[in-house]
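Below is one structure, written out as structure tokens; the observations come after it.
All values derive from a computational prediction rather than experimental measurement. We name chains A, B, ... by the order of the sequence lines, and we start the count at 1 in each one.
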Number of protein chains: 2
Amino acid sequence: MESDVSANSRLTIAAHALTWIGLYQRRGHEVATSEQIATSVNTNPVVIRRLLGELRKAGLADSRRGVGAGWMLGRDLAAITLLDVYQAIEPGPVFALHRATPNPECVVGHGIGPAMSAVYDDVEAALRRELAKTTLEDVLRDVLQAA
Amino acid sequence: MESDVSANSRLTIAAHALTWIGLYQRRGHEVATSEQIATSVNTNPVVIRRLLGELRKAGLADSRRGVGAGWMLGRDLAAITLLDVYQAIEPGPVFALHRATPNPECVVGHGIGPAMSAVYDDVEAALRRELAKTTLEDVLRDVLQAA
DNA sequence: CCTTGATGTAATCATTGTTGTTACATTTAC
DNA sequence: GTAAATGTAACAACAATGATTACATCAAGG
């Protein structure tokens, strides 16, 4: 209940994977394997493949099969914002309304849903605005500067 | 994987409970019972008591025991923002870094943490700014207008 | 001082999401 | 064909949320 180890690391992993591919390609390689990426992320290659599969659906990544198989960027790092990545992998809202519909005969129970929905929409919009400010090119720049 | 029934309804329930108490008190009652609130929210009274217990720690609610027991507001609805409620019940971050520390020998693995942390801090700040804009008085007004 | 009605809180369970893992069919350059 | 990787299904481990039961505790009022 304290340290809160929950929360999603999906966005972190996805950004990590794409940034890694971008740097690897920039160094002259055609494709990166899920094995290589998983080694940098420190997780299982299947986790990477699953995530990159979702990113591919959004056009952010692409893959080749057969011999010489691997992953490449769907478009340049500078053309991918964290919002793009977020939307590709996190369709769900941050906040939810009631699990069971509240009592509609109560004034509060009846009106609280729409009231909170309006707020949540604004919150999600602010969150997206903020994520849209950073591209993976920015992330790579920060990463290289830290080294 | 589609409808995403997850996400937290804790903020929704907490706002609902406090708003209900506020309206009930405004109508001349001293205290509200977790039973009454649970009926409006459509959940179990214990869920309400647990949540109000956390809100009490933050000074947003208060309770009386014994005969005539129940809950009351810690301060006026107009003096409680959704950020206050959020902070009272949601200490954890929206996004998390890697579960296992990434490979420190890899440039990306080494630098990605701080880079993403900076972004996440900005996102949380934006989220808080947005939640701070709405008071429970605003919520109650919207609720009553919807009726 | 005892009854009553509510809080305070522990314990348990069901459900769900995330992550890690194994296994294996599929693909394609050589 | 062979080799090396993707594409996926299946399953286990773990944590968070929420629902529920149970019961000790408290305090006003008779």
Using atom [atom1] of [X] as one end and atom [atom2] of [N] as the other, report the distance to the nearest whole Å.
| X | N | atom1 | atom2 | value |
| --- | --- | --- | --- | --- |
| B/Q36 | C/dG5 | CD | C1' | 12 Å |
| A/E54 | C/dT18 | CD | C1' | 12 Å |
| B/L51 | D/dT17 | CG | P | 11 Å |
| B/L11 | D/dA16 | CG | P | 19 Å |
| B/L55 | C/dG8 | CG | C1' | 15 Å |
| B/N8 | C/dT18 | CG | P | 12 Å |
| A/E90 | C/dT19 | CD | P | 9 Å |
| A/I48 | C/dT18 | CD1 | P | 16 Å |

- Query: B/R50 or B/A69: which one's nearest nucleotide on DNA chain C is closer to the 5' end?
  - Reply: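 In this pair, the answer is B/A69.
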
- Query: Mapping A/I13 and A/R49 to their closest nucleotides on DNA chain C, which lands nearer the 5' end?
  - Reply: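 Checking each residue's closest nucleotide, the 5'-ward one belongs to A/I13.
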
Ignoring backbone atoms, test whether [X] places a side-chain nitrogen or oxygen under 4.0 Å from the OP1 or OP2 oxygen of [N].
| X | N | value |
| --- | --- | --- |
| B/T33 | C/dA6 | no |
| A/T43 | C/dG20 | yes |
| B/S63 | C/dG8 | yes |

- Task: Please evaluate the base of D/dA16 for a donor-acceptor partner in the side chain of B/R10 within a cut-off of under 3.5 Å?
- Result: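 It does not, because no donor-acceptor pair links the side chain of B/R10 to the base of D/dA16 below 3.5 Å.
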
- Item | Distance-only donor-acceptor test (3.5 Å): side chain B/R65, base D/dT25 |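 Check passes, donor-acceptor contact within cut-off.
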
- Going from CH2 on B/W71 to CG on B/L52, what distance comes out if it is rounded to the nearest 0.5 angstrom?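 If we round to the nearest 0.5 Å, B/W71:CH2 and B/L52:CG are 5.0 Å apart.
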
Give the nucleotide from the list [options] with an atom nearest to the side chain of [X].
| X | options | answer |
| --- | --- | --- |
| A/R56 | C/dG20, D/dT6, C/dT7 | D/dT6 |
| B/W71 | D/dA19, C/dT21, C/dG8 | C/dG8 |
| A/V46 | C/dT7, C/dA23, D/dA19 | C/dA23 |

For the pair [X] (side chain) and [Y] (backbone), establish whether a donor and an acceptor sit closer than 3.5 Å, ignoring hydrogens and angles.
| X | Y | answer |
| --- | --- | --- |
| A/H110 | A/E105 | no |
| A/D121 | A/A118 | no |
| B/E137 | B/L77 | no |

- Query: Hey, what's the ring geometry for A/F95 with A/Y120, parallel, tilted or perpendicular (30° and 60° as the breaks)?
  - Reply: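 Rings of A/F95 and A/Y120: parallel, as their planes differ by under 30°.
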
